[in-house]
Amino acid sequence: MASISTYGKKGDLRRIHYAAADGSRQTVYLGKISQKGAEPIKAHVEEILNSKMGQYPIPQRTAQWIADLTPGLAAKLAKVGLIPKPQRRALTTLGPFLDEYQARRIDVKPATKVVWGQVIRNLKDHFGGDRAMADISEGDAEDFKLYLIGKKLAPTTVSKRLQFARAFFRAATKRKLIDENPFLDVTAKATLPDGEDHFVTQDEADAIMAVCDPTWRTIFGLARWGGLRCPSEVLSLQWQGVDWDRGRILVQSPKTECHGKGSRLIPMFPELRPILEEAWQLAPEGAVYVVGGGYRETSLTPNGWINVNLRSQFNRILKRAGLEPWARLWKSVRGTRETELERSFPLHVVTRWMGNTPKIAQKHYLQVTPEDFDRAAGRCAHRNARDAQIATRRDDAGSGGKRQEKSKALGHQGLTLSPAVSCGYVQDDEMETIGFEPTTPALQKRCSPN
């Protein structure tokens with residue numbers, strides 16, 4: 001009879017053991033499969049063994065199962081002699097599959113396909129476009145990860161490209177083109193290097209606004225105090241979405257519309273109102289979009305939104321303001337606003353306004369700012385000053401005449417001075433248990449030590 005056991009570090013890989021007709025111990029390695037999925041395979045293996053030892057034909061049900069086997073499992077069974085070696089059939093190659101997959105996915109945005117194209121080029125360059133997908137192992141997938149790291153890509157980029165590679169091969173497994181996804185457990189941490197995020201302080205924002213023309217005051221203001229994504233949300237904002245009376249702004253969100261979240265409502269923050277009022281006064285008659293100047297036309301391409309021109313101009317503005325450009329320009333501006341709002345409002349409210357989730361906010365946007373350090377240091381400084389003041393009082397009182405005079409003055413209250421401690425006070429043991437208030441006989445009896 002055959003048996004099933006697990007192996008691997010996580011214990012999620014399974015194999016079938018059985019004794020062959022010659023008495024030798026054989027093993028069929030199934031890989032990552034559930035116990036429920038391995039049981040039918042074990043049953044068919046036992047049918048094959050029984051037919052071999054009893055020298056009778058394989059039952060029809062098992063024969064049909066063998067005929068429908070995927071190439072990978074058929075090869076594993078043939079390797080241990082359970083079935084004849086299958087005739088080699090045309091294998092799906094990597095290049096044609098990836099090209100067909102990208103063309104078939106009409107449900108994603110063109111910008112997503114542009115990003116996919118980068119990963120597809122990496123896969124073709126590393127493995128070769130004519131590589132059989134079934135021949136790519138988990139070790140090969142790990143080598144691809146090292147290949148990406150060797151290209152000096154950012155950790156977040158490596159993580160994202162491995163995520164897309166897993167999705168490509170997962171689609172191949174669903175179509176029964178390969179048995180297992182070699183990228184299933186190949187991951188990389190999406191960490192940001194120190195200093196990658198920049199908190200745009202109020203002084204910096206004021207300096208930037210001072211050197212901007214009206215159009216750029218609107219662009220920067222919507223990103224800095226509205227928290228809008230730039231360029232897609234900033235350049236998609238329409239005047240009909242600005243509700244002056246209720247103080248609301250309807251933000252169109254092209255990035256999240258594929259997830260059923262094509263828009264969101266945000267407050268007209270006090271910092272935004274004068275910026276929008278200026279833009280409204282300068283807008284030409286019949287203007288649809290809040291930001292003009294042709295920026296929407298140049299940033300919205302057939303392949304999605306690009307912000308190369310905006311980034312270049314923003315860098316020039318920063319230099320005119322006397323500021324050093326920082327990495328991840330627009331993300332840091334948006335993250336600054338989310339960090340500010342999180343100090344005053346619950347996180348679930350802030351993320352609703354920002355159009356992300358608490359998990360994404362905490363991982364990618366919320367920052368530890370210099371003000372956080374200053375506030376913490378300020379509290380400590382206040383406490384240290386208070387400790388010093390207490391110590392000064394204690395030294396002034398001393399153990400001489402002044403302390404004795406104070407003790408006499410307080411003696412009629414049943415109090416005595418005691419050494420002070422940092423950040424607190426000490427009640428002397430000599431305080432009477434009845435306290436300060438006049439006592440009734442009942443209370444005096446209850447408080448009596450006897």
Side-chain angles (χ1 to χ4, degrees), residues 102 104-116 119 156-157 159-161 163-164 166-167 170-171 190 192 197 218-244 246-269 271-272 275-276 288-291 295-296 299-307 310 328-367:
Q102 187 179 34
R104 177 166 45 84
R105 289 295 302 273
I106 61 175
D107 59 323
V108 298
K109 293 181 176 295
T112 300
K113 291 192 175 184
V114 171
V115 178
W116 282 0
V119 188
T156 51
T157 303
S159 176
K160 199 68 177 177
R161 295 194 182 183
Q163 178 183 331
F164 288 138
R166 283 196 300 277
R170 182 168 60 249
L192 290 175
D197 286 326
T218 306
I219 293 174
F220 177 72
L222 289 172
R224 174 60 181 82
W225 290 289
L228 274 64
R229 296 181 177 93
C230 191
S232 62
E233 292 178 353
V234 169
L235 301 184
S236 295
L237 185 63
Q238 300 182 24
W239 283 118
Q240 66 179 9
V242 179
D243 188 338
W244 301 98
R246 297 178 61 228
R248 307 284 192 273
I249 301 174
L250 182 64
V251 177
Q252 301 298 325
S253 181
K255 181 176 181 178
T256 59
E257 64 181 353
C258 59
H259 302 294
K261 301 177 181 179
S263 64
R264 67 181 185 276
L265 201 63
I266 70 170
M268 187 180 294
F269 298 104
E271 302 93 338
L272 275 181
I275 296 172
L276 290 174
V288 175
Y289 295 99
V290 173
V291 176
Y295 285 103
R296 178 179 172 84
S299 296
L300 182 57
T301 71
N303 291 327
W305 290 93
I306 58 174
N307 61 4
L310 290 176
R328 305 168 72 86
L329 285 175
W330 293 113
K331 177 182 176 297
S332 292
V333 173
R334 177 170 151 85
T336 295
R337 188 51 170 168
E338 188 154 16
T339 301
E340 286 179 340
L341 293 174
E342 194 271 338
R343 294 170 180 167
S344 303
F345 300 94
L347 185 56
H348 75 279
V349 174
V350 175
T351 53
R352 179 68 64 89
W353 291 340
M354 297 294 292
N356 54 24
T357 64
K359 181 178 179 181
I360 293 298
Q362 291 171 342
K363 184 175 181 181
H364 296 289
Y365 286 101
L366 297 180
Q367 304 177 28

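We count residues from 1, following the sequence as given.
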Ring-plane angle category for Trp353 and Phe269, please: parallel below 30°, perpendicular beyond 60°, tilted otherwise.
perpendicular
Distance col, row Arg229:CZ vs Thr256:OG1, nearest 0.5 angstrom, shows 5.5 Å
Heavy-atom closest pair, residues Ser236 and Arg296
OG-NH1, 3.3 Å
Report yes or no: does Arg334 contribute a side-chain atom to a donor-acceptor pair with the main-chain N or O of Gly227 at less than 3.5 Å?
yes
Pairwise side-chain contact, Asn356 with Glu338, heavy-atom cut-off 4.5 Å (strictly under)
yes
Roughly how far, to the nearest 0.5 Å, is CZ of Phe164 from OG1 of Thr112?
7.0 Å
Between Val288 and Trp239, is there a side-chain heavy-atom distance shorter than 4.5 Å?
no
Under 3.5 Å donor-acceptor, Thr339 side chain and Gln367 backbone:
yes
Sub-4.5 Å side-chain heavy-atom contact between Leu276 and Trp244
yes
Report the distance from atom CG of Leu235 to atom CD of Gln238, rounding to the nearest 0.5 Å.
12.0 Å
Would you check if Val291 and Leu222 make a side-chain contact, meaning some heavy-atom pair closer than 4.5 Å?
yes
Partner of Glu233 by side-chain hydrogen bond (donor to acceptor under 3.5 Å, both in side chains), out of Gln252, Arg264, Lys255:
Arg264
Student check: side-chain heavy atoms of Val333 and Cys230 closer than 4.5 Å
no
Here the pair of heavy atoms bringing Leu310 nearest to Pro231 is CD1-CB, 3.4 Å
Indicate the atoms forming the closest heavy-atom contact of Pro358 with Thr351, along with that distance.
N-CG2, 3.6 Å
Would you find a donor on one side and an acceptor on the other, under 3.5 Å apart, between the side chain of Lys113 and the backbone of Val108?
no
In short, Val251 meets Leu237 closest at the heavy-atom pair CA-CD1, 4.4 Å
Please find the pair of heavy atoms, one from Ile219 and one from Val234, that lie closest to each other, and give the distance.
CA-CG1, 4.0 Å
Atom of Arg337, atom of Glu340 and distance for their closest heavy-atom approach:
NH1-OE1, 2.9 Å
For the CG atom of Asp197 and the OG1 atom of Thr336, what is their distance to the nearest 0.5 Å?
8.5 Å
Between CD of Glu342 and OH of Tyr365, what distance do you get to the nearest 0.5 Å?
15.5 Å
